[in-house]
Amino acid sequence: METKYIFVTGGVVSSLGKGIIAASLARLLLARGYRVANQKLDPYINVDPGTLNPYEHGECYVTIDGHECDLDLGHYERFTDQRTTRANNITTGRVYQSVINKERHGDYLGKTVQIVPHITDEIKRDIKLLGNTGKYDFVITEIGGVVGDIESLPFLESVRQLKWEMGRNAVLVHLTYVPYIAAAKELKTKPTQHSVKELQREGIQPDILVMRTEHDLTTSVRRKVALFCNVTPDACFQSIDCPTVFEVPIRMDEQGLAECVLSKVGIEERPKADLSAWNNFLHMIEQSTEELRIGIVGKYVELEDSYKSINESLYQAATYHHRKLKKVFISSEGLTGENIARKLDGLDGVVVCPGFGSRGIDGKFVALKYCRENDIPTFGICLGMQCMVIEFARNVLHLAGANSTEMDSSTPYNVIDLMEDQKSITNYGGTMRLGGYACHLKEGSMAAKAYGTLDIVERHRHRFEFNSDFRDQFENAGMKCVGENPDTHLVEVVELPGHRWYLGTQYHPEYSSTVLHPHALFMSFIEAAITFNKEK
């Protein structure tokens, strides 16, 4: 079957959930037996989001091949249970960088390099890259931003050209917002009409409309939208607010979104969808009433998207244990020895989050000391694991001033130090230890029992590592190094065997957790938190 391309654009306002709609549509097509890939085009000029502050763009996600990318790729992986790569995320910065490199190399034979055709040709090449592999029946490409944004124009022009070139093999789904004016008690479709007109000005006619709303859209409202937007009534769908985003695929399927897409691309024989595993997960959510309180300690807690994958991994694991997750966000900046007992009171487990820099680091040490001494199930991820090591060095090994050289370059005990291959690097973007690396676990360890195997591959995003010069001191005092890279012997996992659950990973297990396959460590951590809750 020739690859079909589905483009997802957004209008009216940002943050409507284009990524969720794109991921949901992928789930519905996968449930029908089709091979599907998701892709995100981001209009910002950064080459990737790796150097962006989480407050700017939320979490920076990392693919298995080591590409720092948009957090929507996390949605794609969680919904589809498929791994993404650098081909699944393209930014304006990457496009321009590639075109400029080609120009410097002389590839354009002295021609004037322009937005059209050179930039748009590069974008079209990137869009078709996945389809050209022959591995996919559908490639779903989400265009970041909102129609009308200046920076999105080259992407939209590329989509216009592709729709013209591909004919029925290309479909455009446009997500808009239908606000409800409480004073008038009316749903207003004018923003949607204007958004579609913006698309039409760029020469693009949407094939399908998905309207985000807080209230049910009546048949008359849908007909009105269809009439003014040149879309058939049966191609107008509503995306009403749901208790959880995981309901969206089911709500879309009930309305026939996948059937509409298949019809638009000329597929008449349509296999029946198998959504049993997905519905089983939703059933577990509905049946999970007993609350489990997990503290999330970090310096970006004001914005939940900063720790999106961790939040989702905890939610998935709690659901599979038939528990209703109650996340308690705790700013590490405000934690002191005087208030820590009150701040962590009533928690069943604590996650100490990743990050960079010294802001809020002392609060993480305070939290970890309290959790270790009071035997609270604790999970340290990346910098969280490094903080576990530093706190243990200071308060158990009594190495006064022990620290990471990231925080204190003159520390007398550099228990966390810059990786050897990072010492000559001056550029920040895309230069960390990134992507999947092997790890061998020690037999009988808590980590090995959780995974059910001794050899794993997990994704990384860091520059600093556990300093193996201190390994024997830690091991002799009770902190065991139970996971290491078989090639470099980099310490990947530490744990305290005598505790309920006190474990840290240098890697990011949250990147590998999906709806249908929750991560083994999060499952083990939640199990320990439930046991602790019962004991209390």
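This chain uses plain numbering: 1 for the first residue, then up along the sequence.
Judged by distance alone, the side chain of Ser313 and the main-chain N or O of Ser309 form a donor-acceptor pair under 3.5 Å. Side chain of Thr91 to main chain of Asn46: a donor-acceptor pair is present (N/O by atom type, distance under 3.5 Å, no hydrogens or angles). A donor-acceptor pair under 3.5 Å links the side-chain atoms of Asn88 to the main chain of Thr85, judged by distance alone. Under a 3.5 Å cut-off, the side chain of Asn101 and the backbone N or O of Gln97 do form a donor-acceptor pair. Checking side-chain atoms of Ser288 against main-chain N and O of Met284 turns up a donor-acceptor pair under 3.5 Å. Formation of a donor-acceptor pair under 3.5 Å by the Thr218 side chain with backbone atoms of Val221 is found in this model. In this structure, Asn132 contributes its side chain and Lys128 its backbone to a donor-acceptor pair below 3.5 Å. Checking side-chain atoms of Gln205 against main-chain N and O of Asn230 turns up a donor-acceptor pair under 3.5 Å. Formation of a donor-acceptor pair under 3.5 Å by the Ser239 side chain with backbone atoms of Arg212 is not found in this model. For the pair His321 (side chain) and Ala317 (backbone), a donor-acceptor distance under 3.5 Å is present.
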When you look at Glu59 and Ser306, which way does the side chain to side chain donor-acceptor pair (under 3.5 Å) test go after all the steps?
CA-CA 4 Å; Glu59 166 190 80; Ser306 299; over 6 Å; no

Take Lys163 and Glu165 through the test salt bridge (Lys or Arg N to Asp or Glu O under 4.0 Å) and record every step on the way to the result.
CA-CA 6 Å; Lys163 282 206 74 193; Glu165 294 166 10; over 6 Å; no

For Glu142 and Tyr76, run side chain to side chain donor-acceptor pair (under 3.5 Å): C-alpha distance rounded to whole Å, both residues' side-chain angles, the deciding distance at 0.1 Å, then the answer.
CA-CA 11 Å; Glu142 174 193 351; Tyr76 302 159; 2.4 Å; yes

Test Val62 against His67 for side chain to side chain contact (heavy atoms under 4.5 Å, CB included), laying out the working first.
CA-CA 5 Å; Val62 177; His67 177 61; over 6 Å; no

Between Lys308 and Glu304, is a salt bridge (Lys or Arg N to Asp or Glu O under 4.0 Å) present by the stated rule, with each step listed?
CA-CA 6 Å; Lys308 188 66 177 176; Glu304 281 197 45; over 6 Å; no

Quick one, Tyr315 with Lys327, criterion side chain to side chain contact (heavy atoms under 4.5 Å, CB included). Give me CA distance, side-chain angles, the key distance, then yes/no.
CA-CA 9 Å; Tyr315 184 83; Lys327 301 188 294 286; 5.6 Å; no

Checking salt bridge (Lys or Arg N to Asp or Glu O under 4.0 Å) for the pair Lys40/Asp42: CA distance, chi angles, key distance, verdict?
CA-CA 6 Å; Lys40 175 74 182 290; Asp42 273 308; 3.2 Å; yes

Between Gln82 and Leu30, does a side chain to side chain contact (heavy atoms under 4.5 Å, CB included) hold up when you go through it step by step?
CA-CA 10 Å; Gln82 296 182 149; Leu30 286 165; 3.6 Å; yes

With side chain to side chain contact (heavy atoms under 4.5 Å, CB included) as the test, would you mind laying out the steps for Thr141 and Leu41 before giving the verdict?
CA-CA 7 Å; Thr141 303; Leu41 303 184; 3.6 Å; yes

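Within a 6.0 Å radius of NZ in Lys326, other residues, nucleotides and ligands contribute 12 heavy atoms or fewer. Open room surrounds CZ on Arg223; 12 or fewer heavy atoms of other groups in view lie less than 6.0 Å from it. Heavy atoms of other residues, nucleotides or ligands lying less than 6.0 angstrom from NZ of Lys135 number 12 at most. Sparse packing is recorded around NZ of Lys324, with 12 or fewer heavy atoms of other residues, nucleotides or ligands lying under 6.0 Å away. Taking a 6.0 Å sphere around CD1 of Ile45, one finds it holds 12 or fewer heavy atoms contributed by other residues, nucleotides or ligands.
Between Phe237 and Leu217, every side-chain heavy-atom pair lies at or beyond the 4.5 Å cut-off. Between Cys353 and Ile310, the closest side-chain pair of non-hydrogen atoms falls below 4.5 Å. Put simply, the side chain of Val515 reaches to within 4.5 Å of the side chain of Trp278, judged on heavy atoms. The shortest distance between side-chain heavy atoms of Tyr44 and Thr92 does not fall below 4.5 Å. At a threshold of 4.5 Å between non-hydrogen side-chain atoms, the residues Val8 and Ile143 do not count as touching. Between Cys69 and Arg86 there is no side-chain heavy-atom pair separated by less than 4.5 Å. In this structure, the side chains of Gln39 and Leu73 stay at 4.5 Å or more apart for every pair of heavy atoms. Side chains of Thr80 and Asn38 form a contact here, defined as non-hydrogen atoms less than 4.5 Å apart.
Between the side chains of Ser263 and Glu259, no donor-acceptor pair of N or O atoms lies under 3.5 Å. In this structure, a donor-acceptor pair under 3.5 Å is present between the side chains of Gln238 and Asp216. In summary, the side chains of Asp107 and His105 do present a donor paired with an acceptor at a separation below 3.5 Å, with no hydrogens or angles considered. Glu157 and Thr120 form no side-chain donor-acceptor contact under 3.5 Å, judged by distance and modelled atom types alone.
The aromatic ring centroids of His519 and Tyr451 lie less than 6.0 Å from each other. The aromatic ring centres of Tyr507 and Tyr437 sit 6.0 Å or more apart. In summary, the aromatic rings of Tyr5 and Phe138 are positioned with their centroids too far apart to meet the 6.0 Å limit. For an aromatic pair to be called close, the ring centres must be under 6.0 Å apart, and Tyr34 with Tyr136 fails this. For Phe329 and Tyr307, the ring centers are positioned 6.0 Å apart or more.
Ion pairing between a basic and an acidic side chain is recognised when a charged N comes within 4.0 Å of a carboxylate O; Glu122 and Lys124 show no such pairing. Using a 4.0 Å cut-off between charged side-chain N and carboxylate O, Glu68 and Arg461 make a salt bridge. Ion pairing between Asp234 and Arg222 fails under the 4.0 Å rule for side-chain N and carboxylate O. With respect to the salt-bridge test (charged N to carboxylate O, under 4.0 angstrom), the residues Asp126 and Arg94 do not qualify. Glu2 has no carboxylate O lying under 4.0 Å from a charged side-chain N of Lys4, or vice versa, which leaves the two without a salt bridge. Between Lys264 and Asp207 there is no salt bridge, since no side-chain N of the basic residue sits under 4.0 Å from a carboxylate O of the acidic one. Between Arg459 and Glu510, none of the side-chain N atoms (NZ, or NE/NH1/NH2) sits under 4.0 Å from a carboxylate O, so this pair counts as no salt bridge. A salt bridge is absent between Glu202 and Arg160; no separation between the charged side-chain nitrogens and carboxylate oxygens falls under 4.0 Å.
Screening residues 10-27 for side-chain hydrogen bond (donor to acceptor under 3.5 Å, both in side chains), with sequence neighbours left out, gives no hits.
Exactly one of Ile526, Asp348, Leu292 qualifies for a side chain to side chain contact (heavy atoms under 4.5 Å, CB included) with Arg323. That residue is Leu292.
Summarising the geometry, atom CD belonging to Glu77 is positioned 7.5 Å from atom OG belonging to Ser512; distances are rounded to the nearest 0.5 Å. For the atom pair CD1 (Ile296) and CD1 (Ile330), the distance works out to 9.0 Å, reported to the nearest 0.5 Å. Taken to the nearest 0.5 Å, the CD1 atom of Ile90 stands 7.0 Å off from the CG atom of Leu129.
Using cut-offs of 30° and 60° for the angle between ring planes, the His118 and Tyr108 rings count as perpendicular.
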